[in-house]
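We're numbering straight along the sequence, starting at 1.
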Amino acid sequence: MNSEKNGLIKSFLRQWQLQSMVIPGIVWMFIFCYIPMIWLIIAFMDYNIAKPLLESPFVGLKHFHDFATDDRFWRSIRNTLGMSSIKLVLGFPIPILFALLLNEIRSLRFKRTVQTISYLPHFIAWTIFGGIMLNWLGEGGVINQLMMGLGLQDREILFNSDAKYFWWITFFSDTLKETGWSAIIYIAAISGIDPGLYEAAELDGANRWQRMWHITVQSIRPTIAILFILAVSGLLGSNFEQIFMLKNNMNMKMAESIDLYIYNMGLVSGRYSFSTAALFARSIVALGLLFLANFSSKKLNGEGIF
């Protein structure tokens, strides 16, 4: 044990220039992620922004009871789980398939061009991309013209004004914006596979699809498992910027996620203790989902985060 510890220390000292580059990230995380956690205490208080923190009266679990009995809160939970489940079931495999198909392209120039074009939308802010989506989905927009051109509908539909389409709009827009960026980590994992494995399989008579399934997919399975665990732990999270840009009064009953609910209760209504209690509860459930997903993954395929 001591020799292993000494080896780690020596390795750290040899790479002190590289290791020191982590320090700004640690300082940033400590200041903006850990110090603000002190304010979670207001979830158990009737916090008044005009008074010092410790002068607010302690009320125990009052705010937890209040949001647990609020129908609007449970509606936001339903909406969040609905949108997140669609993204998990249908959206999670898409970057994997995209990375696998991109890996099969033989022209290096064409491959780089497709990859660059695919991840460029990630760098467009949702304030801009959301506006583009609203234009596409509006009357006379690209989506309506395409659907009518294919004969799938006989009149124009205001998709974003009909609540029943909202979950699918979030899935479509998120997939369009993030597929290329999400595929990068899978492409990086694929690039680390030994080319000799493909050559040996080809000599054994394996076709391209067999090589893809038995070599590529199996080699990146640990990466898939880790990202799936993180995706499951984020089921109660939502892309706040996306939903904030696409919501309106006509689709709000299907658009209000737990993040938007917390925002409306906290910053809009000024119920800081109430919104903090809801955020605290959501974080605890997310932590439980992380442990559950990690345990299940280790039991099923032996891969996990910890």
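- Salt-bridge formation is detected for the pair D66/K62: a Lys NZ or Arg NE/NH1/NH2 atom is positioned less than 4.0 Å from an Asp or Glu carboxylate oxygen.
- In this structure, F123 has its ring center under 6.0 Å from that of W181.
- By the 4.5 Å heavy-atom criterion applied to side chains, I224 and Y186 are counted as neighbours.
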Apply side-chain hydrogen bond (donor to acceptor under 3.5 Å, both in side chains) to residues S275 and Y263 and explain how you reach the verdict.
CA-CA 7 Å; S275 60; Y263 166 81; over 6 Å; no
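- Using a 4.5 Å heavy-atom threshold, the side chains of R211 and E199 count as separate.
- Under the 4.5 Å side-chain criterion, counting only non-hydrogen atoms from C-beta, M45 is in contact with L53.
- Of all the heavy atoms in K247 and A255, the pair that sits closest is CB-CB, 4.1 Å.
- Annotation: side chain of N79 is not in contact with side chain of W74 (no heavy-atom distance under 4.5 Å).
- Taking the ring centre of W126 as origin, the terminal cationic atom of K177 falls inside the region bounded by 6.0 Å and 45° from the ring axis.
- The aromatic rings of F67 and F73 are tilted relative to each other, their planes meeting at an angle between 30° and 60°.
- I157 places none of its side-chain heavy atoms less than 4.5 Å from the side chain of E139.
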Verdict with supporting geometry, T170 and Q242, side-chain hydrogen bond (donor to acceptor under 3.5 Å, both in side chains)
CA-CA 7 Å; T170 59; Q242 176 193 27; 5.0 Å; no
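- One hydrophobic cluster, built from ILVMFWY side chains closer than 4.5 Å, holds both I193 and W213.
- For the pair F92 and K87, the minimum side-chain heavy-atom distance is 4.5 Å or more.
- For the residue pair D70 / Y261, a side-chain donor-acceptor distance below 3.5 Å is found, with atom types taken as modelled.
- Aromatic rings from F64 and F44 are positioned such that their centres are separated by under 6.0 Å.
- With hydrogens and angles ignored, the 3.5 Å screen pairs no side-chain donor or acceptor of D162 with any backbone N or O of F159.
- Salt bridge annotation for E256-R72: present, with a cationic side-chain nitrogen under 4.0 angstrom from a carboxylate oxygen.
- Put simply, the side chain of T179 never gets that close to the backbone of P95: no donor and acceptor are under 3.5 Å apart.
- There is no side-chain donor-acceptor pair under 3.5 Å between E178 and N239.
- Looking only at side-chain heavy atoms (C-beta outward), N248 and F166 stay at 4.5 Å or farther from each other.
- For the pair L40/T276, a side-chain contact is recorded, criterion being any heavy-atom separation below 4.5 Å from C-beta on.
- Residues passing the salt bridge (charged side-chain N to carboxylate O under 4.0 Å, His left out) test with D259, sequence neighbours excluded: R282.
- No donor-acceptor distance shorter than 3.5 angstrom exists from the side chain of D46 to the backbone of P57, with no hydrogens or angles considered.
- Ring to ring, W168 and Y165 are not that close: their centroids are 6.0 angstrom or more apart.
- Although no hydrogens or angles enter the test, the distance criterion places a donor-acceptor pair under 3.5 Å between the side chain of S84 and the main chain of L235.
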